[in-house]
Amino acid sequence: MCTLPSPSARQKHNHDRVWKLDALSVFNELQKPVSVVVSSVYEHSHSPQGLKNVDRFLFVNERCVEEYGEPRSQEECSRLLSSMSEDAQEKRRTWLTKAAMGRAGHQACMESSQLLMPAFSGVSLDSLSRMVRVDSKPIKVETMPGRVENALLHVYEAEQSSPTDLRVSAMHDRSPLHTFLFDSQGFLLTANKAALQFCQAGSDPSDPQLSTITLRSLFDVGSYPGGAEEAQAAYDEAVNAVFNLQVECHRHTQPHISKKSSGNIKWAMIEMWPMQDPVTGRPATLIKRYNISQQKELELQLASQQEALQRHNQELEQDSVAMHEEQRKLEREARSLALRLDAVLKDKFTPRTSFDADTPIDKTLKFLQKVIAGHAAPVEVALELYNILSESDTNLRQPVGLENQLLKNSLGSEVGQSILQLLQGNVGATPQVGTHVVAEGPFSLLHQPGEGSEPAAISGLSRRSSLTQRQLDVFIPANLTPDVERRLHDAENNWQFDIFGFAEATKGFTLSLLYHHLMRQAGIIKELGLDETNLCKYVLKIESGYNASNPYHNSIHVASVLQMSHMLMCHGGVLKNRAMTRMQQIATYWSALVHDHEHGGVNNDFLIKTRHPLAVTYNDTSPLENHHCASAFRLLCQPEYTYYPVKSTLDAVVGPEVQTQMRSTNVNQVMGTDMKKHFDITSRFQAAFKRPVAGSGPDVTAVDSSMDWDAVKPEDRTLIEQMVLKCADIGHLAAAPCTHKKWAYQLEEEFFRQGDRERSCGLPLSPLMDRSTQGGMTRSQMGFFGIVGIPLFKAMAELFEDSKPMLDGVLANYHHWEAATPDADLPS
């Protein structure tokens, strides 16, 4: 620590003392460089961040002039400060501010180029960089009679920095992205940790192994087609460019063998900048090496496509010459024939580059929209529609050529099969005759239903045979904890509600608490005079029907669906636009509560293939969804769980007709969660609420903003009810990325468990359900988002603009999966 000298041996320095200019000469006695400067930082509209520094020297001692030269003029100082990097200017401003505010003095350590170069003529950017420690203290100086100015007294002292520190500092000043520093002989001077790990030479810059790393070794790791000769040529070219030609930056593209993917060629970019070694002052070069594999692959693909296009063009020119005479004679006929032939053979001979979700009805409506708008309809389009509609097996509410699209596009065969199974089921699967499920686990307790009994449930679930008053008290305590209350209020308003945090805080009662809270906050319990005790018993009984050992289809998933249904109705514009009635809102809460009741962790296809009693009972038609709804309603009919008032003044509200309507809503919503009905529902929804836009092109459709919701037909309201629960059922696609990823991997594990059961039953394993292969259903996320998720949520957001935050969340998660492709294994 440098000690600031006292102006008098008999007088202690006083902060309030005012120095005379001639009294400053006492600092000539100090054998260290000293300066007294009026430094200021003021607003300036033409400088970075609107700030500018100015240094005006009042005094420099003789030692300072000897070491650093004469002070620069204010104009020169200001010009040099402006030429410095913004980072360097900010460091200097921070130092001056702290120095001016520290009455007891301030000490800093800075690069000489940052500290001294703008102020003294003897220091330049070409000077060897070194660390300088400066002790600063604010003082007052009488610069002219009656005028006292605040100044800073600086005492400078050169730091004894190690060569490694100087080089690392110089590398960082040029760019934090640089990883190596070599001298002109190719010997390594220093490198950062990532670079050393890449070279397998440890992480200590002083390690003696550094001597084994040379500039040439960076080129030797490349896998050049020409071998060592090509590597030597690349090295020679780089050395000549940097050290002889002094180019600003030399770039070299290097192929190499991937460490992760055996045998795969990856690409790296080596960038080299010339500079001076801050220790010796000799020529050196900065190196940065980073991955460009994806860019290179795209370049190669583009080059290949261009070559193919050129060959194709040449072939076309040759064919054109050969057929010129015949083309002149039959021009009209040939053009018409070509159009018709193209329409007929389009699906068989033209590969699709993207998924076409249009159903035959969608295509027909678009064709009619063009005709209505007065546009000439191409004959090939009419011919295509004729061929589609004339096929005996055409499904009018399913995308045209769905199977071909999924199995022959870029998704991959197994991913396509998985999505096809989800949307269509195992159409060709043969059920196992004469046996039910014999696999271990939740299915080991299946029983054969007796005559008149309910269908065999998917057993293995924890069940409560009765509910005590103590259990009810635990479920609805007099005072919930502040944390649970806060989370419940958050569930009312948050599109990305932390369902896993809520489940952790409400173990065993997650679904029950949330359902009761939403019913009470909505005023439904009081409005309908519901029996709250029986309501609590019922929701606890329903929650006990969800198997906690299921990774995905458990009560936490159902609570998430319930919360998202609430958000869509109350904050997504559904209730605001009167698209649903009060009774439909109440029914939707119940549908969300029970929509996966007694789910056994396997899908409908598994039940059908194994001839499970549920599949037999419901004739292979949505056995799970039928059971969810039926079992939950069967409980509601039992006296101890019936919470609707039997006789009251509210009979008109919940009378038989209204209850019938509510049950119809429940059945339609729960049955609509079967993904086999996905395209049927979404196609009808789009057809019901999208109309051609007046005065626009024939292909332009949009939701009618002036829609009279009171005039909407009952069957169209049913579609809205179904869309609300469908969106909520896969609502984790719109959750926060960490929540969505957790659900995705839990669903993958549930799929793997079904695959294990299929293997134990001797069944063919369903696509993406074999845990012994690389990756599971998470491989299908991009396809599921593009084919199912995004179109579904987009359709909902177009009709109800307030639900756009949900669509934004879906798109954000889609981009997370899109960016999750593995990167090459190169240090950056």
Side-chain angles (χ1 to χ4, degrees), residues 2 32-42 44 46-49 51-100 106-136 151-163 165-176 178 181 246 248 273-284 286:
C2 299
K32 294 177 180 177
V34 176
S35 68
V36 178
V37 185
V38 175
S39 296
S40 60
V41 180
Y42 67 94
H44 190 273
H46 299 293
S47 63
Q49 295 188 356
L51 300 173
K52 196 168 185 178
N53 295 98
V54 169
D55 288 344
R56 178 163 56 87
F57 286 89
L58 301 180
F59 171 81
V60 292
N61 70 353
E62 296 170 356
R63 184 60 178 270
C64 185
V65 175
E66 290 175 5
E67 291 199 17
Y68 305 133
E70 293 289 344
R72 300 185 191 274
S73 66
Q74 281 186 261
E75 292 76 10
E76 183 70 8
C77 177
S78 178
R79 184 184 65 79
L80 291 173
L81 282 169
S82 299
S83 67
M84 294 170 60
S85 69
E86 180 57 31
D87 183 58
Q89 291 187 54
E90 181 60 28
K91 288 181 180 178
R92 211 168 190 279
R93 281 194 290 268
T94 302
W95 162 58
L96 289 173
T97 302
K98 290 182 178 180
H106 175 73
Q107 187 180 74
C109 192
M110 299 174 64
E111 283 276 350
S112 61
S113 60
Q114 297 175 359
L115 178 67
L116 303 174
M117 184 275 291
F120 296 99
S121 59
V123 182
S124 67
L125 287 175
D126 296 329
S127 304
L128 290 181
S129 181
R130 55 178 175 169
M131 302 303 293
V132 176
R133 186 172 58 191
V134 55
D135 290 311
S136 304
L152 287 173
L153 173 65
H154 301 307
V155 180
Y156 309 99
E157 184 175 8
E159 281 280 321
Q160 298 300 318
S161 300
S162 68
D165 290 341
L166 289 174
R167 286 165 175 158
V168 170
S169 177
M171 285 176 63
H172 186 274
D173 284 346
R174 288 289 293 268
S175 172
H178 294 128
L181 181 64
Q246 289 285 302
E248 182 179 358
W273 287 264
M275 69 168 289
Q276 272 191 333
D277 180 4
V279 176
T280 65
R282 296 174 180 172
L286 281 170

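What's counted below: heavy atoms across the whole structure, side chains too, no hydrogens, waters or symmetry copies. Just so you know, residue 1 is the first one in the sequence shown, and it goes up from there.
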Discussion item. Side chains of V34 and C64, heavy atoms from C-beta outward: is any pair under 4.5 Å?
Written reply: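 Heavy-atom side-chain distance check fails, nothing below 4.5 Å.
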
Fill in: Polar side-chain atom of S35 near backbone of V37 as donor-acceptor pair, under 3.5 Å
no

Worksheet item: Ignoring hydrogens and geometry, is there a side-chain-to-backbone donor-acceptor pair from S83 to L80 under 3.5 Å?
Response: yes

Over all heavy atoms of both residues, which pair between [X] and [Y] is shortest? Give the atoms and the distance, please.
X    : Y    : answer
A99  : S136 : CB-CB, 3.7 Å
R92  : P118 : NE-CG, 4.1 Å
A151 : V38  : CB-CG2, 4.2 Å
A284 : L181 : CB-CD1, 4.0 Å
V132 : Y156 : CG1-CB, 4.2 Å
P274 : Q246 : CB-OE1, 4.0 Å

Discussion item. Tell me whether E67 at atom CD has more than 12 heavy atoms from other residues, nucleotides or ligands lying less than 6.0 Å away.
Written reply: yes

Quick one: pull up [atom1] in [X] and [atom2] in [Y] and give me the separation to the nearest 0.5 Å.
X    : Y    : atom1 : atom2 : value
E157 : Q107 : CD    : CD    : 9.0 Å
R56  : Q74  : CZ    : CD    : 6.0 Å
H154 : H106 : NE2   : NE2   : 10.0 Å

Practice prompt. Classify the angle between the aromatic ring planes of F120 and Y68 as parallel (below 30°), tilted (30 to 60°) or perpendicular (above 60°).
Written response: tilted

